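The structure displayed is predicted, hence computed values, not measured ones. Per chain, numbering begins at 1; letters A, B, ... match sequence-line order.
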There are 2 protein chains.
Amino acid sequence: MTIAAPTGSSRDLPHPPRAEIRLEAVLHALSDPLRLQVVRELAADGDELSCSHFDLPVTKSTTTHHFRVLREAGVIRQIYRGTAKMNGLRRDDLDGLFPGLLDSVLAAAARQAVRLGSR
Amino acid sequence: MTIAAPTGSSRDLPHPPRAEIRLEAVLHALSDPLRLQVVRELAADGDELSCSHFDLPVTKSTTTHHFRVLREAGVIRQIYRGTAKMNGLRRDDLDGLFPGLLDSVLAAAARQAVRLGSR
DNA sequence: CTACTCGTACGATAGACATCGTAGTACGGC
DNA sequence: GCCGTACTACGATGTCTATCGTACGAGTAG
């Protein structure tokens, strides 16, 4: 639950505490196709992924922006690890606040992906 | 499934067919506090409600706008019944496309309402 | 027909947002 | 110390969105 960085990183990013996560912000964060895809990949991997792992059809500035939106909504957790920034889903917090919500959204996204033919 | 109006209303409103409902649009529609509240009341009532039943802190123009967003996202069904316009959740379509999603969102909204004290 | 109610349509406006490019900062390896 | 990599910060821009006010159309009651 602590976001301590064992590797000794000093740059800390501001995350909303669990109690301040708002449902509307989460839904808004997930309503963007790019961000929804990122969350899907994070959920599929189950572990932390670096920003550069994602191959999004936008520039790096825009990528940074989207990750920031996800972090400020409380959907993902970001920590610096050396020169890379690792991203992980805040599954514990989201499941604690809104049980079943994340899974429903992920299942819905998967279903829609199948329905629309794209994978 | 048909949206026929037995009362003989001739004014028909455009609704997206089930196959064209997009998850992102639904999430976006639900990410607005006013719209989420409307959906909550519709779900609580279980039946159709007129537009004027809702006492929203905005003008009628804005109310019309929000109902239109909900309708075009495929979240609600609107039919004219005389001078009133009745609104109903498209539960069947939403549950068919994204099983469990609507219930999770509603449960999450209820939980958050309790958590934030505003019942 | 007239008047009233309910909701729409249209135009305006201010704020939010997605996107980009460029310049800059932090970290690790040479 | 110097350079490359990874990501950020800032400013600009076009688009979308929430909001309003006013004018209009459709239906119902008198």
Side-chain angles (χ1 to χ4, degrees), chain A residues 3 5-15 22 24-39 42 48-73 75-88, chain B residues 3 5-15 22 24-39 42 48-73 75-88:
Chain A
I3 325 181
T7 16
S9 157
S10 62
R11 287 188 288 171
D12 273 358
L13 293 162
H15 290 75
R22 302 279 274 112
E24 295 89 335
V26 172
L27 293 178
H28 176 245
L30 296 179
S31 72
D32 183 280
L34 283 185
R35 292 194 291 257
L36 184 57
Q37 185 189 333
V38 166
V39 170
L42 281 176
E48 297 176 330
L49 292 174
S50 74
C51 280
S52 51
H53 170 270
F54 299 89
D55 195 22
L56 302 177
V58 291
T59 65
K60 289 217 276 189
S61 315
T62 308
T63 303
T64 298
H65 162 70
H66 284 304
F67 275 105
R68 170 198 279 263
V69 172
L70 285 171
R71 187 188 72 235
E72 292 181 343
V75 178
I76 65 171
R77 195 180 287 121
Q78 296 189 292
I79 61 174
Y80 281 104
R81 187 155 312 183
T83 156
K85 187 161 73 171
M86 306 305 286
N87 304 277
Chain B
I3 325 180
T7 19
S9 158
S10 60
R11 288 188 288 170
D12 274 358
L13 293 162
H15 290 74
R22 301 279 274 114
E24 295 89 333
V26 172
L27 294 178
H28 176 246
L30 297 178
S31 72
D32 182 280
L34 283 185
R35 293 193 291 257
L36 183 57
Q37 184 189 335
V38 166
V39 170
L42 281 176
E48 298 178 330
L49 293 173
S50 74
C51 280
S52 51
H53 171 270
F54 300 89
D55 195 23
L56 302 177
V58 291
T59 65
K60 291 213 279 189
S61 315
T62 309
T63 302
T64 299
H65 161 70
H66 284 304
F67 275 104
R68 171 198 278 265
V69 172
L70 285 172
R71 188 188 74 235
E72 291 182 343
V75 178
I76 66 173
R77 194 180 288 120
Q78 296 189 293
I79 61 174
Y80 283 104
R81 187 157 311 184
T83 157
K85 187 162 73 170
M86 306 306 286
N87 305 277

**Item:** Atom-to-atom span, CG of A/Leu56 to C1' of C/dC20 - whole angstrom
**Value:** 15 Å
**Message:** I want to check one thing: is the phosphate of D/dT5, taken as OP1 and OP2, less than 4.0 Å away from some side-chain N or O of A/Ser52?
**Reply:** no
**Message:** Nearest 0.5 Å, please: how far is CG in B/Leu30 from CG in B/Leu70?
**Reply:** 7.0 Å
**Request:** Specify the closest pair of heavy atoms between B/Val75 and B/Ala29, including all atoms of both residues, with the distance to one decimal.
**Result:** CG2-CB, 4.3 Å
**Prompt:** Taking only N and O in the side chain of A/Thr62, is any of them less than 4.0 Å away from OP1 or OP2 of C/dC20?
**Reply:** yes
**Complete:** DNA chain D nearest-nucleotide lookup for A/Phe67 and B/Val58: closer to the 5′ end is A/Phe67
**Prompt:** When only distance counts, do a donor and an acceptor, one from the side chain of A/Thr83 and one from the base of C/dG28, lie under 3.5 Å apart?
**Reply:** no
**Prompt:** Any side-chain heavy atom of A/Ser52 sitting closer than 4.5 Å to one from A/Thr63?
**Reply:** no
**Item:** Closest to side chain of B/His66, choosing from C/dT19, D/dA18, C/dG7
**Value:** D/dA18
**Asked** Has A/Arg35 got a side-chain N or O lying under 4.0 Å from the OP1 or OP2 atom of C/dA18?
**Response** yes
**Message:** For C/dG7, does the base pair up with any side-chain atom of B/Thr64 as donor and acceptor (N or O, under 3.5 Å, distance only)?
**Reply:** no
**With B/Arg71, the side chain to side chain donor-acceptor pair (under 3.5 Å) member among B/His15, B/Gln78, B/His66** = B/Gln78
**Request:** Taking only the side-chain heavy atoms of A/Ser50 (C-beta and beyond), determine which of D/dT19, D/dC7, D/dT22 contains the nearest atom.
**Result:** D/dC7
**First encountered from the 5' end of DNA chain C, between B/Met86 and A/Thr59** = B/Met86
**Request:** Check the distance between C/dA18's P and A/Glu72's CD and give it to me in whole angstrom.
**Result:** 12 Å
**Message:** For a quick test of reading the model: is some side-chain N or O of A/His28 closer than 4.0 Å to OP1 or OP2 of C/dA16?
**Reply:** no
**Request:** Check the distance between C/dT25's P and A/Tyr80's OH and give it to me in whole angstrom.
**Result:** 14 Å
**Comparing B/Leu34 and A/Thr63 on DNA chain D - which has the more 5′ nearest nucleotide** = A/Thr63
**Whether A/Thr62 side chain and A/Val58 backbone form a donor-acceptor pair below 3.5 Å** = no
**Asked** Can you check whether A/Arg68 has a side-chain N or O nearer than 4.0 Å to OP1 or OP2 of D/dA9?
**Response** yes
**Complete:** Rounded to whole Å, CZ of B/Arg81 lies from C1' of D/dT28 at a distance of 16 Å
**Asked** Rounded to whole angstrom units, what separation is found between the CD1 atom of B/Ile79 and the P atom of D/dA26?
**Response** 19 Å
**Fill in**
To the nearest angstrom, the CD-P distance between B/Gln78 and C/dC6 comes to 17 Å
**Prompt:** Closest heavy-atom contact between B/Glu48 and B/Gly88?
**Reply:** CG-CA, 4.3 Å
**Message:** Over all strands shown, is A/His53 touching base, sugar-phosphate only, or nothing at heavy-atom distances under 4.0 angstrom?
**Reply:** nothing
**Request:** Take the protein atom CZ of B/Phe54 and the nucleotide atom P of C/dC6, then report the distance between them rounded to whole Å.
**Result:** 15 Å
**Item:** Rounded interatomic separation in angstrom, taking NZ from B/Lys60 and P from C/dC10
**Value:** 18 Å
**Message:** Counting only side-chain heavy atoms from C-beta out, which of D/dT22, D/dA18, D/dA9 sits nearest to A/Ser61?
**Reply:** D/dA9
**Fill in**
Quick note, A/His65 side chain, CB onward, closest among D/dC7, C/dA18, D/dT19 is C/dA18
